[in-house]
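Report on the structure given below.
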Amino acid sequence: MRERTRAFIGHRRFQQFIIALILVNAATLGLETIPAVVRPFGHLLTLVDHAALYVFVAELLAKIYVERTRFVRDPWNLFDTVIVAIALAPMAGGLSVLRSLRILRALRLLSVVPSLRRVVSALLRAMPGMSSIVLLLSLVLYVAAVMATKMYGEATPDRFGSLPTSLFTLYQTMTGDDWGNIAREVMTQHPSAWIFFTIFILVCTFVVLNLFMAVVVSAMDEESAEERAAMEDTSMQLILKELGELRREVAELRKQEVMD
């Protein structure tokens with residue numbers, strides 16, 4: 001029975017059904033935000049939502065039945081459990097805010113779709129390298145903020161009057177949000193300020209952010225290499241198993257020939 005359950009929940013068609021159900025459930029939760037749709041179809045949307053939740057609970061119970069203690073060792077299983085548990089929490093009284101968290105069920109696609117799972121795993125693997133880049137970016141931002149406060153604080157106190165204000169303004173500049181107007185405002189009294197802004201944007205955007213991309217891409221390459229190695233190892237084990245079975249069959253045939 002356990003092996004049949006394992007084969008059922010691991011079947012490609014069942015996984016496709018779960019993916020489709022997650023997408024449908026996410027769509028119904030989005031439709032619940034439209035009053036014109038809720039008035040005529042609110043009961044149907046609630047019915048679909050509850051049905052999807054029951055299927056997700058049944059899937060988790062089936063996984064627990066099949067994997068037993070191994071279930072808690074898989075971080076993705078724990079992730080799915082937390083998402084479903086939030087949906088099962090009471091939504092009355094002070095916990096009514098949890099109702100809005102039902103949309104988190106759409107995040108189950110991260111654990112169901114292999115390509116998305118690979119991307120998330122690569123991001124988690126890249127966290128140590130990304131933390132170093134964040135430290136570098138923070139250092140560059142701090143140095144630039146101190147310089148900007150001393151150079152342009154008197155001319156534009158609203159933008160660079162203090163260190164916290166300068167940090168916010170330069171962070172806004174780094175994201176590309178209205179940085180042109182900020183630069184022009186400073187350049188009315190400091191025409192050479194464009195040099196400072198150009199160097200700052202080049203360092204932050206084209207150097208540091210590209211380092212982020214390089215770290216993530218490297219982590220994804222490592223994740224893909226490990227996946228390929230695991231697949232090759234599994235294939236090799238299957239080949240060795242088949243060779244062992246062939247050897248046993250050949251040995252049995254030889255015994256029969258000798259007996260004959």
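Residue numbers start at 1 and run along the sequence shown.
Contact annotation: the side chain of H190 approaches that of Y152 to within less than 4.5 Å [non-hydrogen atoms, C-beta and beyond]. By the 4.5 Å heavy-atom criterion applied to side chains, V186 and F196 are not counted as neighbours. Within the 4.5 Å cutoff, the side chain of D74 has no heavy atoms near those of the F79 side chain. Considering only heavy atoms from C-beta on, T165 comes within 4.5 Å of T169 through its side chain. In this structure the side chain of L137 reaches within 4.5 angstrom of the side chain of C204, judged on heavy atoms. Side-chain contact between I182 and Q172 is present, with heavy atoms from C-beta onward closer than 4.5 Å. Proximity of L141 to F200: side-chain heavy atoms (C-beta onward) are separated by under 4.5 Å at one or more points.
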| V82 and L78: CA distance, side-chain angles, deciding distance, side chain to side chain contact (heavy atoms under 4.5 Å, CB included) verdict | CA-CA 6 Å; V82 171; L78 299 179; 5.5 Å; no

| side chain to side chain contact (heavy atoms under 4.5 Å, CB included) between T188 and T156, intermediate numbers included | CA-CA 10 Å; T188 56; T156 54; 5.8 Å; no

| query | What's the verdict on side chain to side chain contact (heavy atoms under 4.5 Å, CB included) for T173 and F197, showing C-alpha distance, side-chain angles and the deciding distance? | reply | CA-CA 8 Å; T173 302; F197 285 99; 4.1 Å; yes

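In the hydrophobic cluster analysis, where Ile, Leu, Val, Met, Phe, Trp and Tyr join through side-chain heavy atoms closer than 4.5 angstrom, W194 is grouped together with M151. Residues V146 and L136 share a hydrophobic cluster, clusters being chains of Ile/Leu/Val/Met/Phe/Trp/Tyr side chains in contact below 4.5 Å. Under the 4.5 Å side-chain heavy-atom criterion for grouping Ile, Leu, Val, Met, Phe, Trp and Tyr, L44 is not connected to L29 through any hydrophobic cluster. At a threshold of 4.5 Å between side-chain heavy atoms, the hydrophobic network of Ile, Leu, Val, Met, Phe, Trp and Tyr places F71 and F8 in one connected group. Placement of V140 and L135 in two distinct hydrophobic clusters is found when ILVMFWY residues are connected by side-chain heavy-atom separations under 4.5 Å, directly or transitively.
Nearest heavy atoms, A155 versus Q189: O-NE2, 3.4 Å. The minimum heavy-atom distance linking L167 with A145 is given by the pair CD2-CB, 3.4 Å. A pairwise comparison of heavy atoms in L170 and A148 identifies CD1-CB, 4.4 Å as the closest pair.
To the nearest 0.5 Å, atoms NE2 (H50) and CG (L45) are separated by 11.0 Å. The distance from the OG atom of S166 to the CZ atom of R159 is 11.5 Å, given to the nearest 0.5 Å.
The 12-atom threshold is exceeded at CH2 of W76, counting heavy atoms of other residues, nucleotides or ligands nearer than 6.0 Å.
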Could you list the donor-acceptor pairs under 3.5 angstrom formed between side-chain atoms of residues 9-23 and any protein atom two or more places apart in sequence or on another chain?
| from | atom 1 | to | atom 2 | distance (Å) |
| --- | --- | --- | --- | --- |
| H11 | ND1 | R13 | N | 3.0 |
| Q15 | NE2 | I9 | O | 2.5 |

Throw together a table of side-chain donor-acceptor distances under 3.5 angstrom for residues 51-69, partners on residues two or more places apart or in other chains.
| from | atom 1 | to | atom 2 | distance (Å) |
| --- | --- | --- | --- | --- |
| E59 | OE1 | R108 | NH1 | 3.0 |
| E59 | OE1 | R108 | NH2 | 2.9 |
| E67 | OE1 | N77 | ND2 | 2.9 |

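The salt bridge (Lys or Arg N to Asp or Glu O under 4.0 Å) analysis of residues 131-157, with sequence neighbours excluded, yields no pairs.
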